[in-house]
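Please read the structure below before turning to the comments.
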Amino acid sequence: MSSEQDLGITESKQHNTGEWYAEVVKKAGLVNYGPDGMSGFIVTRPRGYALWEAIQSELDSKFKATGVQNAYFPMFIPESYLEREKDIVEGFDPEVAWVTHGGHDELEERLAVRPTSESIIAPYLAQWVRSHRDLPLRVNQWGSVVRWEATETKPFFRTKEFLWQEGHTAHETHDKAWDETMTRLDQYADLYEDLLAIPVLKGQKPDHDKFPGAHKTTTVEALMPDGKSVQAGTSHHLGTSFAEAFDITFSNKDEETQPAHTTSWGLSWRALGALIMTHSDDQGLVLPPTIAPEQVVIVPIWQEDTKGDVLDYADEVANDLADSGVRVELDDRDERNPGFKFNEWELKGVPIRIEIGPHEVEDGEVTIIHRPDGESITADRDNIDATIQDHFDGVYAKLYAAAEENLDDSVREADSREEILGTLGRHGGYVKAPWCGDEECEEPIKEPLAAEIVMCPFDDEETVGDDETCAICGDDATQTAYFAKNY
């Protein structure tokens, strides 16, 4: 049995964010840390995996509605396949885990545990594409990858093995590949805003931080309450570089052979880290009803002489909600008092609690409590399914509004290095400034604060004036850059 001390969150989100986060993910029953000697790996518990399944289901349906088919490729990649990427990526040196033996026998060729799958998927796209009639070709893979991170790890945000999806497509033209790139970016933004209650910024990575070999990398960025940005999903227009390296060619309508224009795009369970960090509080996990494994918990409150009536009434309410598709839990445990149950379900992040005692039974009502702010509302028992749906919308709106306010209040402008450093140092968040496009002008910000350019708005969204100069070097500005610390 859990004790009261086990249930309590002892760290402060505001003052000890890292320790607070680690406590929430463990005590809310989302993860355990991996075995001794396997630092950076986690065990995802059923409640944690249910959150990933909700993201997977949402994205999978979006992908399939836009012509994507799922496939699966080996998790091991021959070293010679990775070597082919060196033709594209100068200094290619991924944090790869290698397999050197099968059983007792040493392998003739080392196998990489996939750090990403371009080099194993591209050769098969080359086999499958022959004619313009084969295009567009769209495949997606759900799986895990391994990157032997040397930096400090944090569940969901940064682990050596992580779950994700990666989509790969091939197209006839540059513009069609760009449309594909933006379609996936928009789907990622919709996922955050419609499922996770997190507003995001959309833009592109600076050229020096784009995916190696890509023509352009686009990103959705989410701001966390501690002022750091999360790269929440990326979509890459790869141009023809991978097609040329892996011979992904097709004959066009004039029977001429030309390289395909390819894309790749991915979202990982870092989205879960953003979800937890954004909404949760010092009482524990907070989840929007769209993704919560249990959307409603019913806590009956009785004395011995009212127990039967209260439990019968609570059971009827639970059945009505379940029949309408609500994920509902009736907590009728005898051995726990209502206060303990309230704390436990708050810790687990259930969006709505329904309390039912003898007064509710007598009056034909229920008492509804919102998890994010403790708001209490008395509602009629009749049409409880429709009532709860309205309250789901209300809870979601509260979570989104709080995250949106944090984002709106945390985008500031600067026109000098000193202003950028001072604003990031005091407030965190995003500082947008005119930039010349030179990577060297990022260093004076990265060196003292470990901040960097996380995003540049698309050209048609925030253009710089003819007379604007780079905030760092004073040369003519070519674009706007968003500087931030990040996860």
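Numbering starts at 1 and runs along the sequence shown.
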Thinking salt bridges, do [X] and [Y] make one under a 4.0 Å N-O criterion?
{"X": "E79", "Y": "R110", "value": "yes"}
{"X": "E180", "Y": "K176", "value": "no"}
{"X": "R371", "Y": "D281", "value": "yes"}
{"X": "K160", "Y": "E95", "value": "no"}
{"X": "R133", "Y": "E172", "value": "no"}
{"X": "R353", "Y": "E346", "value": "yes"}
{"X": "K202", "Y": "D186", "value": "yes"}

(message) Could you tell me if R138 sits above the aromatic ring of W128, with its cationic atom closer than 6.0 Å to the ring centre and no more than 45 degrees from the axis?
(response) no
(request) Test F156 against every option in Y487, Y49, W52, W269 by the ring-ring contact (aromatic ring centres under 6.0 Å, His included) rule and name the one that passes. (result) W269
(request) Compute whether any side-chain donor of one residue and acceptor of the other, for Q231 and T219, lie under 3.5 angstrom apart. (result) no
(request) Under the side chain to side chain contact (heavy atoms under 4.5 Å, CB included) rule, collect the residues that match up with E404, sequence neighbours excluded. (result) P199, Y400, D408
What's the shortest heavy-atom distance between [X] and [Y], and which atoms?
{"X": "S61", "Y": "E58", "result": "OG-O, 2.9 Å"}
{"X": "V395", "Y": "I352", "result": "CG2-CG1, 4.1 Å"}
{"X": "K432", "Y": "V411", "result": "CD-CG1, 4.4 Å"}
{"X": "A28", "Y": "R47", "result": "O-NH1, 2.8 Å"}

(message) Using the rule given for ring-ring contact (aromatic ring centres under 6.0 Å, His included), can you reason through H237 versus H215, listing the C-alpha separation, both sets of side-chain angles and the distance that settles it, and then say yes or no?
(response) CA-CA 6 Å; H237 187 315; H215 170 70; 5.2 Å; yes
(request) Apply the salt bridge (Lys or Arg N to Asp or Glu O under 4.0 Å) test between K205 and each candidate in E439, E452, E442, E221; give the one that qualifies. (result) E221
(request) Please tell me if the side chains of T100 and L107 come closer than 4.5 Å, counting only heavy atoms from C-beta onward. (result) no
(request) Using a 4.5 Å cut-off on heavy atoms from C-beta on, say whether the side chain of L51 contacts that of L287. (result) yes
(request) Can you label the angle between the Y188 ring and the F63 ring as parallel, tilted or perpendicular, going by 30° and 60°? (result) perpendicular
(request) Show your working on side-chain hydrogen bond (donor to acceptor under 3.5 Å, both in side chains) between Q56 and D60 and close with a plain yes or no. (result) CA-CA 6 Å; Q56 187 177 26; D60 206 55; over 6 Å; no
(request) Quick one: list whatever passes ring pair (Phe, Tyr, Trp, His ring centres under 6.0 Å) with F41, sequence neighbours left out. (result) W148
